[in-house]
2 protein chains.
Amino acid sequence: MNETAKLELTQPPKTRIQRKNHALILEAALEVFSTHGFRGATVDQIAAQAGLSKPNLLYYFATKETIHVALLSRLMENWLAPLEALNADGAPIEELLGYMHRKLEMSRDYPRESRLFANEILQGAPRILPSLETDLRNLVDAKCLLIQRWMDAGQLAPSDPYHLIFSIWSLTQHYADFGVQVGAVLGTGAVDFEQAHQHLTLHFTRMLTP
Amino acid sequence: MNETAKLELTQPPKTRIQRKNHALILEAALEVFSTHGFRGATVDQIAAQAGLSKPNLLYYFATKETIHVALLSRLMENWLAPLEALNADGAPIEELLGYMHRKLEMSRDYPRESRLFANEILQGAPRILPSLETDLRNLVDAKCLLIQRWMDAGQLAPSDPYHLIFSIWSLTQHYADFGVQVGAVLGTGAVDFEQAHQHLTLHFTRMLTP
DNA sequence: CGTAGGTTTGACCGTTTGGTCAAATTGTCA
DNA sequence: TGACAATTTGACCAAACGGTCAAACCTACG
């Protein structure tokens, strides 16, 4: 019966058609949620974007919120990955510049994911606050310890590691979340990520070099 | 008749009651729009927050969009002011640190305005893109010329003035727009703006000192 | 006072919204 | 092929939505 739909939420889809439509729906939902926010998006919109009828879409995801949660939880993994890759055995400045670079690449290649995340945080993170307070916090704590060691060893100019990470987040995500504004001010209509990368490299090199 | 309501949109309200309810509605709308976005906010919500009945609210603002536009246009003025205050006769580094400081104060004192703006940009700036392409762009152009002169004169370390301004925007607004995330990671639940100010001062001092 | 204009409200309307359901269609596999 | 499960759909529903309107209510001011 409709237990099928519920099973898919906890377990990966099984049939060929399920896999296809599952992906189709998440792709469409990402497009709609990222530009209109949760409450601003409609199920009809998502269904139309996915090329499915509304009842058909609701056959795969029982509610609008289910889709949103699925998107967010999938996002959190990809979101933490670049920071996890910060390597204790690497050269400190290069490691942090690399992290900045990976985050900027994500802004360039996955701006919708960035805006989806921004929307969620702007609204007070009603659905992912617990994950921020545990998963994200633990990861940041660990990496800040590492950064602090680098600073203590004189390999990085001293500063608050937490705020240093915040600055990497904000500077890189700005080019995705506020891309429209950047484009409007530069008169180009879109972000030049090569330019942004050069500036951020200069920026953090000055900031981090002891 | 209801020409009154239309007049109020172009001219400031006249009677005592009009002034009071006008302010009441904008305050309530700021609260609701800034957390739910335009489409996510409902007129009933705004009316309830303002302590007015829905028809009464619509007596002062003909449509939901009218309220939103009123909020945004009022915001744009306050938004440009700190950058306008950048003084060509001041000491370059102190001037830019001062601008950063004013922007950070706005994040601390007017986080809802910051989130309202962020929501609008995230959704592609459908209502204020023209203003960004003219007012904001002209202002930024002018100030970037000034900054470039400072750099050419060796009073500031050279970098791209436009991206330098973007970095001030993103680093300061981050503490308002992503305040929930910052609080969750630090475990404090809220942003310590004194800490943030110290870090950003250090950050930009290193970035700007020739 | 009184009355004219400003203000407030309950009842209402058409549309959109998230979601349901039985029936029809399609896919799978023995 | 047949038969059972998986998929798709049109019709539908209750609630929420933005907005309207006439009538009732205030309030300033001569």
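Chain A is the first sequence line, chain B the second, and so forth, proteins listed ahead of strands; every chain is numbered from 1.
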Return the value, rounded to whole Å, for the distance between atom [atom1] of [X] and atom [atom2] of [N].
{"X": "B:H36", "N": "D:dA16", "atom1": "NE2", "atom2": "P", "answer": "15 Å"}
{"X": "A:I67", "N": "C:dT17", "atom1": "CD1", "atom2": "P", "answer": "15 Å"}
{"X": "B:I46", "N": "D:dC17", "atom1": "CD1", "atom2": "P", "answer": "11 Å"}
{"X": "A:L57", "N": "C:dT17", "atom1": "CG", "atom2": "C1'", "answer": "14 Å"}
{"X": "A:R16", "N": "C:dT28", "atom1": "CZ", "atom2": "C1'", "answer": "10 Å"}
{"X": "A:I17", "N": "C:dT25", "atom1": "CD1", "atom2": "P", "answer": "17 Å"}
{"X": "B:K54", "N": "D:dG18", "atom1": "NZ", "atom2": "C1'", "answer": "6 Å"}
{"X": "A:D44", "N": "C:dT15", "atom1": "CG", "atom2": "C1'", "answer": "12 Å"}

Let me know, please, whether B:P55 or B:T42 comes out on the 5' side of the other along DNA chain D by nearest nucleotide.
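Taking each residue's closest nucleotide, the earlier one in sequence belongs to B:T42.
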Which residue lies toward the 5' end of DNA chain D, B:F38 or A:K20, if each is placed at its nearest nucleotide?
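Going by which nucleotide is closer to the 5' end, it is A:K20.
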So, does [X] get its side chain near the phosphate of [N], meaning an N or O under 4.0 Å from OP1 or OP2?
{"X": "A:N56", "N": "D:dG10", "value": "no"}
{"X": "A:Q18", "N": "D:dA6", "value": "no"}
{"X": "A:N21", "N": "D:dT8", "value": "yes"}
{"X": "A:S53", "N": "D:dT9", "value": "yes"}
{"X": "B:R39", "N": "D:dC17", "value": "no"}
{"X": "A:Y59", "N": "D:dT7", "value": "yes"}

Grab the two heavy atoms, one from B:A85 and one from B:R102, that are nearest each other, plus how far apart they are.
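Here B:A85 and B:R102 meet closest at CB-NH2, 3.7 Å.
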Just to be sure I understand the rule, does B:A41 reach a base, reach only the sugar-phosphate, or reach nothing, if contact means heavy atoms closer than 4.0 Å?
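Result for B:A41 = sugar-phosphate.
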Output, in order, the C-alpha distance, side-chain angles, deciding distance and verdict of ring-ring contact (aromatic ring centres under 6.0 Å, His included) for A:H203 and B:H203.
CA-CA 9 Å; A:H203 193 115; B:H203 194 113; 4.7 Å; yes
A:S131 side chain to A:I128 backbone, donor-acceptor under 3.5 Å:
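Looks like no, no N/O pair under 3.5 Å.
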Cationic tip of A:R127 within the cone over A:F38's six-membered ring, i.e. under 6.0 Å and within 45° of the normal?
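Yes, A:R127 and A:F38 form such a contact.
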Within the modelled atom types, does a donor on one side and an acceptor on the other bring the side chain of B:K64 and the base of D:dG19 under 3.5 Å apart?
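Counting by modelled atom types and ignoring angles, no donor-acceptor contact under 3.5 Å is found here.
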Can you tell me how far the CD1 atom of B:I67 sits from the CD1 atom of B:I46, to the nearest 0.5 Å?
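Going from the CD1 atom of B:I67 to the CD1 atom of B:I46 covers 4.5 Å.
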Could you check which of D:dG19, C:dG19, C:dT8 has an atom nearest any side-chain atom of A:V43?
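Selected nucleotide: C:dG19.
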